[in-house]
Amino acid sequence: MATALNSKTIEEVADILERARREAVAIAKVTNDYPDLTLEDAFTVQKTIRERRIREGRRLVGFKMGLTSFAKMKQMGLNSPVSGFLLEDFAVLEGSDVGIEDLIHPKVEPEIAFVTKAPISGPGCMVSAVLAATDFIMPAIEIIDSRFEGYKFDLPSVVADNCSSARFALGASAASPVGLDLRTLGVVLEKNGAVAACGAGAAVLGNPAASVAALANQLHAQGEVIPAGAVILTGGITEAITISPGDSFRLSIHGLGGLSLRFH
Ligand code: OOG
Ligand code: MG
């Protein structure tokens, strides 16, 4: 995969995406104006944004995988998992009332989060290595917000946009994955008291631990490892659900607890 764009252009694309995020104004997908942007360039843009925000004083708390379930791939019309970074200031408290006035067109995703107690590295990372390095898993809601018009993008554009990352909330309960069948964890997402989507852990690459393994392998390609103490969102189990002001959501995961969020 060749890098087509020079570093000035990479900085320019990062500027455009950061402005769209700060001003909460949707823009055309990056590849409309930069048709030569490769997936490798897109990861370089994402890393440029990450480094800028860390220089501004933000803290990296982990990573996210996206497009790991058939429901999500079908919804977005793409068929390859992608990864992004999570900063401390993306986190919102479970049970809280989250303002969405600074987001463009946010959606909610039910996810299973992993928290590591040891580094996980690729290549060839397997589910067994993920479980050995996992401290606990938690129920999580990710709030995604693509910076692109009509919520439409291709793979390089969404990767450059840090895979639509905006906010996330973790539940108050945690459980060891040992002794749980991660594939059969039942997941129910309610919106305003009615079931909006349901699924099971196996929706995510057959086993959400496989999503963490895929992340370790993707990070290896960029010379990185998953550190100890990292939070990893393994990807939406169901399609994402649009949020309007006034909505409330509750996620319940069998054997793992749940969490609620309201939005204004
Ligand atoms: C891309 C991010 C997808 C997930 O969990 O699948 C994602 C998007 O659909 O906007 O976070
Ligand atoms: Mg997600």
Side-chain angles (χ1 to χ4, degrees), residues 17 20-21 24 26-31 39 42-43 45-46 49-50 61-87 90-92 98 100 103-114 137-171 182 185 187 189 196-215 218 230-243 249 251 253 259 261:
L17 284 163
R21 179 185 61 79
I27 55 172
K29 69 178 192 308
V30 179
T31 48
L39 202 50
F43 273 112
V45 172
Q46 188 193 109
I49 293 174
R50 170 176 145 187
V61 291
F63 297 92
K64 65 170 275 182
M65 286 295 282
L67 308 178
T68 49
S69 67
F70 180 67
K72 276 294 307 183
M73 292 187 203
K74 186 168 158 228
Q75 184 175 37
M76 304 322 301
L78 297 170
N79 59 7
S80 171
V82 289
S83 61
F85 62 84
L86 298 177
L87 297 177
F90 296 0
V92 295
V98 180
I100 54 171
L103 301 178
I104 302 167
H105 37 202
K107 297 182 188 200
V108 153
E109 295 180 323
E111 305 211 9
I112 295 170
F114 281 59
I137 60 174
M138 302 173 93
I141 290 179
E142 182 175 26
I143 299 136
I144 50 170
D145 189 35
S146 174
R147 265 55 67 168
F148 303 126
E149 287 159 355
Y151 229 105
K152 292 213 167 59
F153 43 70
D154 49 20
L155 273 184
S157 297
V158 70
V159 167
D161 186 29
N162 194 24
C163 300
S164 313
S165 298
R167 307 276 184 274
F168 69 94
L170 301 173
L182 299 181
L185 292 183
V187 174
L189 180 67
C198 44
V204 169
L205 297 178
N207 177 344
S211 175
V212 181
L215 172 68
Q218 279 199 11
V231 175
I232 297 137
L233 299 180
T234 52
I237 292 159
T238 71
E239 74 276 18
I241 310 285
T242 299
I243 307 171
F249 288 86
L251 169 64
I253 304 187
L259 70 150
L261 285 176

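Read the numbers this way: they start at 1 and go in the same order the structure lists the ligands and their atoms.
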Checklist entry - Under the side-chain contact (heavy atoms from CB on, under 4.5 Å) criterion, do Lys152 and Ser146 qualify, and how do the steps go? => result CA-CA 8 Å; Lys152 292 213 167 59; Ser146 174; over 6 Å; no
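The closest approach of Glu109 to the Mg ion (ligand 2), by N/O/S atoms, is made by OE1. Glu142 contributes OE1 as its N, O or S atom closest to the Mg ion (ligand 2). For the Mg ion (ligand 2), the nearest N, O or S atom contributed by Glu111 is named OE2.
No donor-acceptor pair under 3.5 Å is formed between the side chain of Glu109 and the backbone N or O of Glu142. Thr31 places no side-chain N or O within donor-acceptor distance of the main-chain N or O of Ser157, the cut-off being under 3.5 Å. Under the 3.5 Å distance criterion, the side-chain polar atoms of Ser69 are left unmatched by any main-chain donor or acceptor of Ala203. When atom types are taken as modelled, the side chain of Thr238 and the backbone of Pro110 share no donor-acceptor pair closer than 3.5 angstrom.
We find that Glu111 and Lys64 are not joined by a salt bridge, their nearest charged nitrogen and carboxylate oxygen being 4.0 Å or further apart.
Within 4.0 Å of ligand 1, contacts by protein heavy atoms are made from Lys64, Met65, Gly66, Leu67, Lys72, Met76, Glu109, Glu111, Glu142, Ile144, Tyr151, Phe153, Val158, Cys163, Ser164, Gly235, Gly236.
Geometrically, Lys107 engages Tyr151 in a cation-pi contact, judged by NZ or CZ lying under 6.0 Å from the ring centre and within 45° of the ring axis.
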